[in-house]
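This one's a predicted model, so the numbers in the text were calculated from it and none came from an experiment. Throughout, protein chains are lettered first and strands after them, A, B, ... in sequence-line order, and every chain is numbered starting at 1.
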Amino acid sequence: MTKERLSREAMAMRIAKELFDGAVVNLGIGIPTLVSSFVPEGMTVIYHTENGAMGFGPVVTAEEMKEKADIDLVNASGQYITPQAGMCFFHHADSFTMIRGGHIDMTVLGVLQVSEKGDLANWMFPGRGVGNIGGGMDLAFNAKRVIAATEHTTKDGKPKIVKRCSVALTAPECVDLIVTDIAVIEVKDKSLWLRELAPGWTVDEVQALTEPTLKVAPDLKEIELL
Amino acid sequence: MTKERLSREAMAMRIAKELFDGAVVNLGIGIPTLVSSFVPEGMTVIYHTENGAMGFGPVVTAEEMKEKADIDLVNASGQYITPQAGMCFFHHADSFTMIRGGHIDMTVLGVLQVSEKGDLANWMFPGRGVGNIGGGMDLAFNAKRVIAATEHTTKDGKPKIVKRCSVALTAPECVDLIVTDIAVIEVKDKSLWLRELAPGWTVDEVQALTEPTLKVAPDLKEIELL
Amino acid sequence: MINKVFETFEEAVKDVPDGAVIMVGNFAGPGGTPFYLIQALRRQGAKNLTIVANTAGGIGLTLDYDDHRILFENKQVKKVIASFPFSTSASRPSVAEKQILSGEVELEIVPQGTLSERIRAGGAGIPAFYTPTGAGTVIEKGKEVGVFDGRPCLLERALKADYAFVRAFKADLMGNLVYRGTQRQFNPIMAIAARTTIAEVDQVVDPGELDPESIVTPGIYVKRIVKVKEDPGFPRHLERNFQVRQA
Amino acid sequence: MINKVFETFEEAVKDVPDGAVIMVGNFAGPGGTPFYLIQALRRQGAKNLTIVANTAGGIGLTLDYDDHRILFENKQVKKVIASFPFSTSASRPSVAEKQILSGEVELEIVPQGTLSERIRAGGAGIPAFYTPTGAGTVIEKGKEVGVFDGRPCLLERALKADYAFVRAFKADLMGNLVYRGTQRQFNPIMAIAARTTIAEVDQVVDPGELDPESIVTPGIYVKRIVKVKEDPGFPRHLERNFQVRQA
């Protein structure tokens, strides 16, 4: 009954396989941020952050902090980032010109709930009655490709992939791919297609933890991380 | 019958008296351009040009041409301009953000016709059936103060200040002050107030060359150029 | 030429009246936040303010410092227009969160791209614009919906302010501003959308000393300049720029 | 990384199909005009083009050079969207003027600020916006009117293009662009509004060599870069910048 699930790092590795050379990418807070650690060697990925930088380098590590941390070079999570050749800066309206104008190839966002039509809900804090919209709503509506990164179920075992979202939506019908700790599911033609399973998991087991009915892709396979 | 009229330079001198320290100004082609030659000593006027420069210096003179002319530093009339301390550059959308956003204190525009309500018509070429709108329409609609600079009558002696414009409008009810070669007229409360007369001209003589009825300002005086 | 430099932050905010609408640059850390202007406004005490900013202050994301949280603490705010108004930590809710939930402060929550564009529109004389963001969500409520190329879009209104408090790196005496790295964020768009823009800067230089190709905020938008005179002690290397290779 | 540098202007415009919508940077002189790209497009010969530019070419305001006038001469244009379409001289009408008056070319005349904003909106994902400019004039014809703060405003639509031909000073290999002086004009906004933006530049440098604070067009918007290899002989001092005092 307690089968092994993918770690957050393993989910990030799987998502990293969706990247391509030259991709312009915005990563949300949490699992999404981890994706940048798994970019294949030799591939150039251009990161965008809402607060007006693009093409910057890795986050400053704990050891580098004293030498490199600078409050004038941070990402949208408030992490210190590093300069990189080709980086540029712009103001917030120009930053969301990139997002709203459809110039971001891919965004990876966290999930509270995602529906069978690809509706995403991720901005209300569960049980707190409040929430932060931030830049996530513009990303969910306008990025060319939206990847939802999430544990398959809530802490108390309820499905996060549901027939209809019960909390306030971030954007309707926006998610293209759902990567969870037990499966990879594609949203296509307002249906959910089960494409990949975590090692040792069966279709029935994943379905049992998913509210809407999954269609099974003809080429269903095991998740490969590399 | 052939009384003396103000020269174009004299009209520009009179208009220059409307400037103030720190004024942000856009000058149209023709008489308006001449205004910059008559800025009072010690006064800083910040010029704006549609093609994305502000705070630039004087136009390059014929003698300076070889040394200073540069196709990457021109104004909206295509004249070479000179660098000046405090100058900056921006793109066309940011340039019209300044105009449409009401950040231009004063514009001086040429005139085909101006009506008694302050409607301005200046973009159609007379008798050619075509015209160029350019940046003039945004300026006429949105500058804080619009000064119309014009000969009082057409070449064949017809009034340019009319009851109703007979040609396509640039902007309705936009003109604040009309400076002609024989008078200075303020547009206030949809009426024309005759405020100043060129030397030797009488109210009746100016009225005779003006289609709508002029109201005479209680403090009517002779035009002073300095 | 009118002198735009004010000696103290006190003087620069002295005339802010009760009920003013104030835009405040702020995003993920102290870099682009004019916190000395905010502190001066707390001491000045104007009440019933409407604050337009990305957050409602004190979201606890990064370094602890006096952002506009202190205006909420001091009960100077009646309304906040923000995209990210709440603390990310349920156990450490911000002052604004309690005031919003109790109804003491009114919240207008706006998607961040829409907030940016509404501010820019305010500066650009665009009274309203359509955006797809928010259609079919709670953001749609009360708004006109237009369909463009088959996509529903919301009509959003421009935002303007009485004052903008902006943070920049250097100002020249004309008011031209340059920023440093991610310090720009909301600052350049707020600078164009307020009647009185006040810039808090590290350096004030003579006109001509800033590279005209790097000036982000043209001087005509800036009415007051105040130089920061102390080092607040955050990680920062002002002697460096962020260019990787010198040409 | 995909290589964005094309060796020749021919190659860079080779795939422009008949019927394409092309934005062309152009304003008051050759400084910001990509005239080598335009010349290559004339040789390439694509027909039924829609040109979006400030003018319809050959307005005779300044130096004589091959701007997009040559596309009209070569009968490649079916429609032009411009603010200043005609020659200022009645005795020297442009080719476009004759074609427009004869009905051979369709003209959509747009106030310059509205043209700029429509192009920017195209790049920014704003499908439509309201502007006061043009209300109560011929520009109002066929447009929705909204009243904001008592002022009538016109609903204007975004403009997008298949290609943008832009002129800049330097590009790095990522496509980041810097401009020189008034060369910017329409170029940076056109760069964001087209599916394929092609930049004609004086210099191509390695990433990291451009000051990140001076980059105006982020590289993601630029798909192709071509370096100008000859000196067209216009007055220009590329060795100088326009900064008055060095800091």
Side-chain angles (χ1 to χ4, degrees), chain B residues 29 49-53 56-57 60 65-87 89-97 99-100 119 121 123 125-142 168-173, chain D residues 27-32 54-55 59 61-63 82-88 90 93 97 100-101 107 109-117 119-121 131-139 169 179-189 216 234-238 240-245:
Chain B
I29 302 179
T49 180
E50 287 91 323
N51 52 323
F56 46 87
V60 173
M65 204 55 87
K66 191 153 186 240
E67 166 59 22
K68 293 193 178 166
D70 193 311
I71 55 169
D72 295 332
L73 197 59
V74 298
N75 66 19
S77 307
Q79 296 170 302
Y80 298 111
I81 53 179
T82 49
Q84 184 170 282
M87 171 180 69
F89 303 117
F90 34 87
H91 61 56
H92 238 84
D94 282 348
S95 184
F96 281 83
T97 280
I99 295 175
R100 201 188 315 95
D119 299 342
W123 70 271
F125 297 120
R128 219 165 126 203
V130 299
N132 288 320
I133 292 180
M137 192 177 277
D138 285 280
L139 282 163
F141 268 89
N142 300 299
L169 286 193
T170 303
E173 298 177 27
Chain D
F27 197 96
N54 189 51
T55 75
I59 58 163
L61 195 59
T62 56
L63 300 166
S83 88
F84 202 98
F86 298 105
S87 164
T88 49
E97 176 163 345
I100 289 164
L101 289 176
L107 166 67
I109 192 166
V110 183
Q112 203 170 107
T114 301
L115 182 62
S116 310
E117 191 66 11
I119 294 166
R120 183 216 174 244
T131 172
T133 304
T137 75
V138 294
I139 294 302
F169 181 29
Y179 300 83
R180 191 165 177 271
T182 50
Q183 198 179 47
R184 295 192 198 182
Q185 29 111 335
F186 282 90
N187 288 299
I189 52 175
V216 171
F234 295 119
R236 210 155 175 237
H237 305 275
L238 288 188
R240 283 188 212 155
N241 65 23
F242 296 128
Q243 187 164 356
V244 174
R245 279 174 220 161

### Query
Given the side-chain rings of B:His91 and D:Tyr179, with only the six-membered ring counted for Trp, is the space between their centroids under 6.0 Å?
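So the answer is no for these two rings.
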
Minimum side-chain heavy-atom gap [X]-[Y] below 4.5 Å:
{"X": "B:Val130", "Y": "D:Leu107", "value": "no"}
{"X": "B:Trp123", "Y": "D:Val138", "value": "yes"}
{"X": "D:Glu117", "Y": "B:Phe96", "value": "no"}

### Query
Do you know which of D:Arg240, D:Arg236, D:His237 makes side-chain hydrogen bond (donor to acceptor under 3.5 Å, both in side chains) with B:Asp72?
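Option passing the side-chain hydrogen bond (donor to acceptor under 3.5 Å, both in side chains) with B:Asp72: D:Arg236.
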
Heavy-atom closest pair, residues [X] and [Y]:
{"X": "D:Thr133", "Y": "B:Asp138", "result": "OG1-OD1, 2.8 Å"}
{"X": "D:Phe86", "Y": "B:Asn132", "result": "N-OD1, 2.7 Å"}
{"X": "D:Pro30", "Y": "B:Ile71", "result": "CG-CG2, 3.9 Å"}
{"X": "B:Val74", "Y": "D:Ala28", "result": "CG2-O, 3.6 Å"}
{"X": "B:Gln84", "Y": "D:Val244", "result": "C-CG2, 3.4 Å"}
{"X": "D:Pro235", "Y": "B:Ala69", "result": "CB-O, 3.5 Å"}

### Message
Between D:Ile100 and chain B, with a heavy-atom cut-off of 4.5 Å, which part of the residue counts as in contact: side chain, backbone, both or neither?
### Response
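When you check distances to chain B, no heavy atom of D:Ile100 falls under 4.5 Å.
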
### Task
Please flag which part of D:Leu101 lies under 4.5 Å from any non-hydrogen atom of chain B: side chain, backbone, both or neither.
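For D:Leu101, the contact with chain B is made by the side chain alone.
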
Is it the backbone or the side chain of [X] that comes under 4.5 Å from a heavy atom of chain D, or both, or neither?
{"X": "B:Phe56", "answer": "neither"}
{"X": "B:Met65", "answer": "neither"}
{"X": "B:Asp94", "answer": "neither"}
{"X": "B:Ile99", "answer": "neither"}
{"X": "B:Thr82", "answer": "neither"}

### Task
Kindly compute the distance separating OG1 (D:Thr137) from CD1 (B:Ile133), expressed to the nearest 0.5 Å.
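D:Thr137 atom OG1 to B:Ile133 atom CD1 measures 6.5 Å (nearest 0.5 Å).
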
#### Entry: Interatomic spacing from CG in D:Asn54 to NE2 in B:His92 - rounded to 0.5 Å
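So the gap between those two atoms works out to 5.5 Å.
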
### Query
Quick one: of B:Gly52, B:Ala93, B:Ala140, who has the most non-hydrogen atom pairs under 4.5 Å with chain D?
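Of the options given, most contacts go to B:Ala93.
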
### Query
If you count heavy-atom pairs under 4.5 Å with chain D, which of B:Gly131, B:Gly127, B:Ser95, B:Gly86 comes out on top?
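So the answer, after comparing B:Gly131, B:Gly127, B:Ser95, B:Gly86, is B:Gly131.
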
### Message
When you measure from the side chain of B:Arg100 to the backbone of D:Gly113, do you find a donor-acceptor pair of N or O atoms at a distance under 3.5 Å?
### Response
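Yes, B:Arg100 side chain to D:Gly113 backbone: donor-acceptor pair under 3.5 Å.
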
### Geometric class of the D:Phe242/B:Phe89 ring pair [parallel <30°, tilted 30-60°, perpendicular >60°]
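Rings of B:Phe89 and D:Phe242: perpendicular, as their planes differ by over 60°.
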
### Query
Is the closest basic N to carboxylate O distance between D:Arg180 and B:Asp70 below 4.0 Å?
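Result for this pair is yes, salt bridge flagged.
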
### Heavy-atom pair count under 4.5 Å with chain B, highest-scoring of D:Gly32, D:Gly136, D:Pro93, D:Ala135
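Highest number of heavy-atom pairs under 4.5 Å: D:Ala135.
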
